[in-house]
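These notes are about the structure you will find just below.
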2 protein chains.
Amino acid sequence: MLSVRKRKILCLLVARYIETAEPVSSSDIKADYGEEISSATIRSELAKLEEMGYLMQPHVSAGRVPTAKGYKVFVESIPTEGGMLPAVADMREYLDRKMDEVGDVIRTTAKLLSDTTNYTSVIVVKNIGEVLVRDVRLVDIGQNKALVIIITDSGILKDCIIDLPADMGNTYLNTAMELLNRMFSMHTVEEIKELVDHVEDEIAQYKMILDQIITSLERYQNRNQEVIIEGTSRLLDVPEYQEEADRMRGVMSIIDHKELLTDMVGDGELELSFKIGKDDGIENGSLVTATYRINDNQQVHAGVIGPERMDYRKVVTILKNLETTIKSVMDDKED
Amino acid sequence: MLSVRKRKILCLLVARYIETAEPVSSSDIKADYGEEISSATIRSELAKLEEMGYLMQPHVSAGRVPTAKGYKVFVESIPTEGGMLPAVADMREYLDRKMDEVGDVIRTTAKLLSDTTNYTSVIVVKNIGEVLVRDVRLVDIGQNKALVIIITDSGILKDCIIDLPADMGNTYLNTAMELLNRMFSMHTVEEIKELVDHVEDEIAQYKMILDQIITSLERYQNRNQEVIIEGTSRLLDVPEYQEEADRMRGVMSIIDHKELLTDMVGDGELELSFKIGKDDGIENGSLVTATYRINDNQQVHAGVIGPERMDYRKVVTILKNLETTIKSVMDDKED
DNA sequence: GTTAGCAGTCAGGGATAGAGAGTGCCAAAT
DNA sequence: ATTTGGCACTCTCTATCCCTGACTGCTAAC
């Protein structure tokens, strides 16, 4: 629906605007165009592109500036197989430092991403699929409370503290643990819920414990979404925002309401996701994320947040490189 | 070292500047002064105050603006017994919502603080004093790993995963646990370190476990400092920062490097702490914190971060109110 | 030590003018 | 039917000027 020439002109314009931050004129494009073409021709094409909503003019005697819609055409044209950037060659070094947990890897990755792109970075970890319970342990911690440790196929759940009946005997906990393991082991949360509803009788006296554990499991499965943001102050480096602080607001409000991000990052199937401008939920801003699957149950969305006039090429290249780097580091951790 | 009249003039000036954000002239002060005094007299006092470093002039024919030093004199003059603000009357409501853990209380408090003051809020939780170990549990989680649960007098440590020797027998863990409890129970971390160094022989075969646990305990004692920041985007509401984004940088860099905050919040003994300006580590910004002790082992520093021209009176009042509110909520949680 | 008065300084706003950039449109060429 | 060259037009940007208003610092009198 966009002629080859229009697309080429549009992309050249966006590329130049990203570089110079100034409205692009017809003669600018003529200079970049390669083949011979007159500026008048370009002008008429620009007029049409503007009419179609890809461009806009700050004022009548200025060049053109891309709209969110215009940027989107541009980002589609970026080859995702971009070459290695010199700056990202040493990503591996960052990540090779000894790290105890996956959480550390994520946190470091966020820093790395912010440092290499010079934008504010964002990482969202999502649980996908069902959690399979492997083993359940109960640890008495005094004061009629117990700590529940649930070993699942995607990690260990250990933040669940439950209340115990006051008159509990000594063997009570052990029996409960046995029962729990018999019932829960190798089942998903959904299955466990079913089960508990059906065999009321046998477990009546442990009902209190069971309910608390199931609540906790459900919470784990549903809202275990971590959002990490690094390099907030890099927003200040963006010239657009320096001139008018108001423009920063759209981006800032997202940083303040991290929970919004979980829905804004890619939808899982897409490798790269671009959210640009108000219609996508970021006024005067843009969010580029890549989706990585680190294991069967967890998905990581990593990306950057910045102005609409973002260096998408660089960001895409870095995100692609990050994928291979993360994969290799994670694989090492498996051993 | 500052005459009564100079102090009065300085405080009137700061108060007015905080309100109007505009340089204050000698006649402005004359209007606020109460008693009869000529503007010429005030001018000569202002000149001296400027010479002493409490004030500055943006330009020669403008009024005066306080320096960081000037603000500090002002904040000393704020009565800490300020009355209840209408806006804070319902703090209790915020905090009354059911919250599972101390962590939740803290997080909600941060939001509350940001909402009531309209500044970015900051909360730092510090461990003070020695951690006393009460009980140690080991839970086998498969793959030659165990989860260590340490119940201390100030909380439960449950994020420590240790490696086990590969050829471990079935009773190994139980024996180790018994040994650990015998050795650790009711001792501080320092004492435990001593102990382990001395009775090498008996425990040789459990050395591996012990070392890992001690490392973990030390880390818990030292760096268990949580820093929570809420309402970052409120920085954008500050007029000073809107005009010149560069000024925001000082404050932003602190938000980006939370670890800096642990040293900047009050020194423990002081009830309220004011850090204003570059010399205090915040260029073009100011950090006001109050210190609350929530139990024998933990200290909470709560405060706000904003421009030098902050509404200190309001902030102080709110922080004072927060103290009573937090105390009452925490006491309820004890039950 | 305080006050009144006066001269001096400077920011801020409005008006004006010229330069430069870039477009839109039209008529001619392909 | 598309492309091109040319031209008139529009609008921003910058500089300059000037004026006004706001304060101050200073001095001399009280």
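Protein chains get the first letters and strands the later ones, always in sequence-line order, with residue 1 at the start of each.
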Q) Considering heavy-atom distances to DNA chain C, does A/V24 or B/K30 have its closest nucleotide positioned more toward the 5' end? A)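 Final value for this comparison: B/K30.
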(Q) If you assign A/D28 and B/H59 each to the DNA chain C nucleotide with the nearest heavy atom, which residue ends up on the more 5' nucleotide? (A)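 Its nearest nucleotide lies further toward 5', so the answer is B/H59.
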Using whole Å, what does the distance between atom [atom2] of nucleotide [N] and atom [atom1] of [X] come to?
| X | N | atom1 | atom2 | result |
| --- | --- | --- | --- | --- |
| B/L46 | C/dT3 | CG | C1' | 15 Å |
| A/E35 | D/dT4 | CD | P | 11 Å |
| A/E45 | D/dT2 | CD | P | 10 Å |
| B/I9 | D/dT24 | CD1 | C1' | 15 Å |
| A/R64 | C/dT23 | CZ | C1' | 7 Å |
| B/L55 | D/dC23 | CG | P | 15 Å |
| A/I42 | C/dG22 | CD1 | C1' | 13 Å |
| B/I37 | C/dT3 | CD1 | P | 6 Å |

Q: Mind checking A/S26 for me? I need base, sugar-phosphate or nothing, with any heavy atom below 4.0 Å counting as a touch.
A: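 Contact class for A/S26: sugar-phosphate only.
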**Q.** Sugar-phosphate, base or nothing in reach of B/A62, heavy atoms under 4.0 Å
**A.**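 Sugar-phosphate: the residue B/A62, judged by heavy atoms under 4.0 Å, touches backbone atoms but no base.
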Can a salt bridge be assigned to the pair [X] and [Y] using a cut-off of 4.0 Å between side-chain N and carboxylate O?
| X | Y | value |
| --- | --- | --- |
| A/E240 | A/R247 | no |
| B/E36 | B/K30 | yes |
| A/D279 | A/K72 | no |

Name the closest nucleotide to the [X] side chain, picking from [options].
| X | options | answer |
| --- | --- | --- |
| A/T41 | D/dC26, C/dG24, D/dT4 | D/dT4 |
| B/A47 | D/dC11, C/dG24, D/dG25 | D/dG25 |
| A/Q57 | D/dG5, C/dG24, D/dT24 | C/dG24 |
| A/S61 | D/dG6, C/dA21, C/dT3 | C/dA21 |

(Q) Is a donor from one side chain sitting under 3.5 angstrom from an acceptor on the other, for A/R234 and A/S114? (A)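 The answer is yes; a qualifying pair exists.
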(Q) Under 3.5 Å, is there a donor on one side chain and an acceptor on the other for B/H301 and B/T289? (A)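 No, no side-chain donor-acceptor contact under 3.5 Å.
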Q) Side-chain donor or acceptor of B/R43 under 3.5 Å from a matching atom on the base of C/dG5? A)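 Answer yes: a donor N or O sits under 3.5 Å from an acceptor.
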